[in-house]
Amino acid sequence: MTYEIQPAGSHYIDGAYVEDTAGAEIPVIYAATGERIATLHAATPAIVEQALVAAEKAQAEWAKLSPRERGRVLTRAAAIMRERNHELSVLETYDTGKPLQETLVADATSGSDALEYFGGLAASLTGEHIPLGEDWVYTIREPLGVCVGIGAWNYPTQIACWKAAPALACGNAMVFKPSETTPLCALKVAEILTEAGAPAGLFNVVQGMGEVGASLVTDSRVAKVSLTGSVPTGRKVYAAAADGMKHVTMELGGKSPMLVFDDADIDNAVGGAILGNFYSSGQICSNGTRVFVQKGIKEAFLARLNERLQDAVIGDPLDETTSFGPMVSEQQMTIVQGFIEKGVAGGARLVTGGKRIDRDGWYLEPTVFADVTDDMTIAREEIFGPVMSVLDFDTEEEAIARANATEYGLSAGVFTSDLSRGHRVIGQLRAGSCFINSYNDAPVEAPFGGVKMSGVGRENSKAAIEHWSQMKSVYVRMGDVEAPF
Ligand code: NDP
C-alpha cells in the first residue's frame with residue numbers, strides 16, 4: 001500500500017484544503033531517513049484572516065445546535081478515526097518518526113477516545129438552578145467563542161484532538177496551528193471532522209512557525225488559547241493572552257520525579273522507568289526523567305534496567321517489531337547530544353548509551369546516567385530525549401523534598417509495595433498527573449496537566465469542560481423591585 005503524504009494544501013480552512021505558496025516553505029522531513037517527504041507553506045496574514053473569519057461564522061452556527069447534535073458529530077468523527085487507525089498511524093510515523101508499534105495504539109486511538117468521550121459528554125453539560133427563597137438564579141454554560149490551539153511536535157494527532165474535542169463539545173470553533181516540525185496529522189483530523197458532519201470552518205488548521213501562533217494569540221476575535229509546548233513559549237503565549245484577557249490552558253514541560261523504594265517490585269519499576277524515559281524516544285512532557293532509587297536496590301535496579309534495554313528493537317519505525325525510533329528532528333537530536341555531553345562533563349556515570357546510532361536519520365541510543373546529583377544540568381533541565389537520570393536516596397522524607405525541588409510540576413510516580421506509603425508519598429509530591437506503581441498512563445477520563453511552571457488548566461476528563469466554557473448567571477426576581485428612591 002502506498003500512502004499520499006503530500007496533503008492537497010498546507011492549510012485546512014472553511015471545510016477545504018487551501019494553499020498559498022507566498023508563505024515560507026515548510027519542508028517535512030522523515031526522521032528515520034532524513035528525506036523530505038512533503039513541502040508545505042506557512043500561513044500568510046491573509047490565510048490567518050481567512051481561518052478566523054471562517055471560525056467565527058461556523059461558531060455562531062454550531063452554538064445554536066443542540067449539544068446532543070454536536071456530540072453526535074464528535075462521536076461519528078471518533079468512529080471514522082478508529083476505522084482509519086492504520087492509515088493515520090502510518091502518517092503519524094512519517095510526521096514524527098515514532099515507531100508504528102507505538103502510533104498504532106497511542107495516537108489516533110487516543111484522539112478518537114477524546115472525540116468519543118467529549119461527544120458523549122456534550123448533552124450533559126448544563127447549568128444549575130440556585131434557589132434564593134422567592135427569587136432564584138439559574139446558570140447557563142456558554143461557549144467561549146473562537147479558540148486557538150497551538151501544538152508541540154511529539155503527539156500531533158493527539159494534541160489536536162485533546163484540544164478540539166472538548167472545545168467543540170462546548171460549542172466553540174477552533175483555529176489550530178501545529179508545530180512546523182509535524183504539520184501533517186492535524187490536517188487529517190480536520191478532514192475527518194468535516195466528513196463526520198462538522199460545519200465548514202468549525203475546525204481549521206493553519207501552518208507556520210511561532211509568529212503565526214503569535215498572530216492568532218493576539219487577535220481580538222480569539223477568546224481562548226490552549227498551548228502545548230515548552231515553558232519559555234508558554235511564558236510568552238500566556239503573557240500575550242493576558243494582554244487581551246483571554247482564557248488559557250498551558251500544557252508545558254516537566255522534569256518529573258519517579259521514586260522507587262526498596263520494597264518495590266523491581267521489574268515493574270524498571271518497566272515504569274522504561275515507559276517514562278524511552279517511549280517515543282523520550283519525547284514526552286510527563287516523562288519521569290529523574291528516577292530516584294532507594295540505595296538498597298539501586299544496583300539491582302540498574303542491572304535489570306540494563307538487561308531489559310538490550311531488548312529494545314531499534315530500527316525502521318514502519319516495521320512493527322521496532323520498539324525504539326529516531327528523534328523527531330536533527331535539531332532535537334543535537335540538543336539532546338548537548339545534554340549527554342553535559343552529563344558526562346558533570347561527572348555522572350554513563351551506564352549505557354550516549355551515542356548517535358550509525359544509520360540514516362536522527363537516532364540516539366537509549367541512555368542511562370547513574371550517580372546523578374540534584375545540581376547537575378541533566379537533573380535540572382528538561383532534555384526531551386531518551387536520557388534517564390538515576391539518583392539515589394536514603395529516606396522517604398529526603399526523596400520527597402528532593403523530588404519537589406524543581407520549578408516544574410507536571411507528573412510524579414511512586415513504586416512501592418507499601419500501600420500507605422504509596423498514597424502518603426504521592427500526596428506530598430507537587431505535580432498534576434501522578435502514578436502509583438505505574439507511569440505515563442493518560443486515559444481521557446483522567447485530568448491531565450501541571451502545577452508550578454508546568455502549566456495552567458487541565459486537559460481531558462470533566463475538568464476540561466471548565467476551561468472551554470463559561471458560566472452566565474441570571475438572577476430572577478419574582479416580586480417587585482425595591483429601590484431607595
Ligand atoms: P515549543 O514551545 O517550541 O513550541 C510549541 C508550539 O508553540 C509550536 O507550535 C511553536 O511553533 C509555537 N510557538 C512558538 N513560539 C510561539 C509564540 N511566540 N506564540 C505562539 N506560538 C508559538 O515546543 P516544542 O514544539 O519544541 O515541544 C516540546 C515541548 O512541549 C517540551 O517542553 C514538552 O515538555 C512540551 N510538551 C508538553 C506537553 C504537555 O501536555 N504538558 C505535551 C507535549 C509536549 P513552531 O515550533 O512551529 O515554531
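Whatever order the structure lists ligands and atoms in, that order sets their numbers, starting from 1.
Taking 4.0 Å as the cut-off between side-chain N and carboxylate O, Arg221 and Glu49 count as a salt-bridged pair. Using a 4.0 Å cut-off between charged side-chain N and carboxylate O, Arg84 and Glu195 make a salt bridge.
Nearest to atom 27 (O) of ligand 1 among the protein's heavy atoms is Ala152 CB, 3.3 Å. The shortest contact between atom 41 (N) of ligand 1 and any protein heavy atom is with Leu252 O, 2.7 Å. Protein heavy atom nearest atom 44 (C) of ligand 1, with residue, atom name and distance: Asn154 ND2, 3.5 Å. Looking from atom 45 (P) of ligand 1 to the surrounding protein, the closest heavy atom is Glu180 OE1, 3.0 Å. Nearest protein heavy-atom contact of atom 17 (C) of ligand 1 is Gly210 O, 3.7 Å. Among all non-hydrogen protein atoms, the one lying nearest atom 37 (C) of ligand 1 is Cys285 CB, 3.1 Å. Of all protein heavy atoms, the one lying nearest to atom 14 (C) of ligand 1 is Thr233 CG2, 3.5 Å. Of all protein heavy atoms, the one closest to atom 11 (O) of ligand 1 is Lys177 NZ, 3.1 Å.
A 6.0 Å sphere centred on CD of Gln331 holds no more than 12 heavy atoms belonging to other residues, nucleotides or ligands.
Phe118 and Trp468 have their aromatic ring centers separated by at least 6.0 angstrom. Phe203 has its ring centre no less than 6.0 Å from the ring centre of Trp62.
Ligand 1 lies within reach of Phe448, whose nearest heavy atom is under 4.0 Å from it. The closest approach between any non-hydrogen atom of Gly208 and ligand 1 is below 4.0 Å. Residue contact check for ligand 1: Gly151 places a non-hydrogen atom closer than 4.0 Å to it.
For ligand 1, none of its N or O atoms has an N or O atom of Ser454 under 3.5 Å away.
Side chain to side chain, Lys342 and Thr377 fail the donor-acceptor criterion of an N or O pair below 3.5 Å. A side-chain donor from one of Thr157 and Glu92 sits under 3.5 Å from a side-chain acceptor of the other.
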